[in-house]
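Computed from a predicted model, the values in this text were never measured in an experiment.
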Amino acid sequence: MTLYRNPKSGHCHRVELMLRFLGRPYVTVDLDMANGAHKQPDFLVLSPLGQVPAIEDNGVRLADSNAIITYLALRYGDGPAWSGRTPVEAAEVQRWLSIAAGEIASGPCAARLVPLFGAKLDHDLAKARAHALFAVMETHLDGRDWLAADRPTLADVAGYSYIAHAPEGGVSLAPYPQLRAWLARIEALPDFLGMPRSPALA
């Protein structure tokens, strides 16, 4: 399997995290995105929107991090364990995948894009959205270990990377002890792989 990535992208990291949890071998190709490698015709065949991550796996070409981790869990893991064993669990997992693509992307992810990649985004708004989300998650995690079930699921994999690296975007995790404990539980899982750290602003 080949993973096309930017090593500082949380979207790419969630795919690597899933690969590690499943024990799947892979090779990485780091794209020179600053010079437009992700917009070249050969890459657009893999990822029509010109986004990372993308994978090639025995003839399967797939883009979008949440789609990829779902594929990996269903093809190489105990799919229901990761995606939900009951209708309620499956719905909860899907809800957190939607949050990963919505509130996490527009909150801690967007806040981090400003200092790390020079993105022209409203930094204060992104930080405010991150804190609003983290307050909700702090309440949600009170009395529970994982986001969607009694075990790690795709919800936790999709949520981890940008939340763990929120301080790099100026969003402190200090006010959120439940959230920090959840991050620590993920980091304690066998075969956990961290994302390269950048200087923290908070």
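Between Pro108 and Phe134 the shortest side-chain heavy-atom distance falls below 4.5 Å. A heavy-atom distance below 4.5 Å is not found between the side chains of Val29 and Arg5. Side chains of Tyr76 and Met1 form a contact here, defined as non-hydrogen atoms less than 4.5 Å apart. Counting only heavy atoms from C-beta outward, the side chains of Leu44 and Leu49 never approach each other to under 4.5 Å. Residues Ser47 and His38 are not in side-chain contact: their nearest non-hydrogen atoms beyond the backbone lie 4.5 Å or more apart. Under the 4.5 Å side-chain criterion, counting only non-hydrogen atoms from C-beta, Asp64 is not in contact with Gln51. Inter-residue side-chain proximity for His123 and Pro115 is flagged as met; some heavy-atom pair is nearer than 4.5 Å. Annotation: side chain of Leu147 is in contact with side chain of Trp182 (closest heavy-atom distance under 4.5 Å).
Put simply, the side chain of Glu16 never gets that close to the backbone of Cys12: no donor and acceptor are under 3.5 Å apart. Between the Glu168 side chain and the Pro199 main chain, no donor and acceptor come within less than 3.5 Å of each other. Looking only at distances, a side-chain donor or acceptor of Glu138 sits under 3.5 Å from a matching main-chain atom of Gln178.
Atom CG of residue Leu17 and atom CG of residue Leu72 lie 11.5 Å apart, to the nearest 0.5 angstrom. Atom CZ of residue Arg151 and atom CH2 of residue Trp82 lie 9.5 Å apart, to the nearest 0.5 angstrom. Rounded to the nearest 0.5 angstrom, Phe21 CZ and Leu193 CG are separated by 9.0 Å. Atoms CG and CG, on Leu179 and Asp142 in that order, are 12.5 Å from each other to the nearest 0.5 Å. The distance from atom OG of Ser172 to atom CG of Leu201, rounded to the nearest 0.5 Å, is 11.5 Å. Distance check: Thr28 OG1 to Leu3 CG gives 6.5 Å after rounding to the nearest 0.5 Å.
Looking at every heavy atom in both residues, Ser83 comes nearest to Leu74 through OG-CD2, 4.2 Å. Closest heavy-atom contact between Ala67 and Leu62: O-CD2, 3.9 Å. Closest of all the heavy-atom pairs between Leu121 and Leu113 is CD1-CD1, 4.1 Å. Ala111 and Ala126 get closest at one heavy-atom pair: N-CB, 3.5 Å. In terms of heavy-atom proximity, Ala164 sits nearest to Leu173 at O-CD1, 4.2 Å. Looking at every heavy atom in both residues, Val52 comes nearest to Asn6 through CG2-N, 4.1 Å.
Using a 4.0 Å cut-off between a side-chain N of Lys or Arg and a carboxylate O of Asp or Glu, Asp150 and Arg85 do not qualify as a salt bridge. The pair Asp145-Arg185 counts as a salt bridge, with a side-chain nitrogen and a carboxylate oxygen less than 4.0 angstrom apart.
There is no side-chain donor-acceptor pair under 3.5 Å between Asp156 and Trp96. Residues Tyr4 and Asp30 bring no donor and acceptor atom of their side chains to less than 3.5 Å of each other. Judged by distance alone, the side chains of Arg14 and Ser161 never bring a donor and an acceptor atom under 3.5 Å apart.
The aromatic rings of His13 and Tyr160 lie tilted to each other, with the angle between the two planes from 30° to 60°. Aromatic ring pairs are classed by plane angle as parallel below 30°, tilted from 30° to 60° and perpendicular above 60°; the pair Tyr176 and His131 is tilted. Aromatic ring orientation, Tyr162 versus His11: perpendicular (interplanar angle above 60°, classes split at 30° and 60°).
When the side chains of ILVMFWY residues are joined at heavy-atom separations under 4.5 Å, either directly or via intervening members, Phe192 and Leu19 end up in a single hydrophobic cluster. Following chains of ILVMFWY side-chain contacts shorter than 4.5 Å, one cannot reach Leu154 starting from Met195, and the two form parts of different hydrophobic clusters. Linking Ile, Leu, Val, Met, Phe, Trp and Tyr whenever their side-chain heavy atoms come within less than 4.5 Å leaves Val93 and Val88 in two separate clusters. Note on Leu125 and Val114: separate hydrophobic clusters, where clusters join Ile, Leu, Val, Met, Phe, Trp and Tyr whose side-chain heavy atoms are under 4.5 Å apart, directly or indirectly. Leu31 and Leu116 are assigned to two separate hydrophobic clusters, defined by single-linkage of ILVMFWY side chains at heavy-atom distances under 4.5 Å.
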message = Could you go through Leu46 and Glu56, starting from their C-alpha distance and side-chain angles, then the distance that decides it, and tell me whether this counts as side-chain contact (heavy atoms from CB on, under 4.5 Å)?
response = CA-CA 8 Å; Leu46 296 175; Glu56 287 186 290; 3.4 Å; yes
key: Test side-chain contact (heavy atoms from CB on, under 4.5 Å) applied to Arg95 and Glu92, step by step   = CA-CA 5 Å; Arg95 182 167 75 95; Glu92 281 292 307; 3.1 Å; yes
request  = For side-chain contact (heavy atoms from CB on, under 4.5 Å), just list the numbers for Arg24 and Asp57, CA-CA rounded to whole Å, side-chain angles, deciding distance to a tenth of an Å, and then say yes or no.
outcome  = CA-CA 11 Å; Arg24 297 299 305 175; Asp57 179 38; 5.5 Å; no
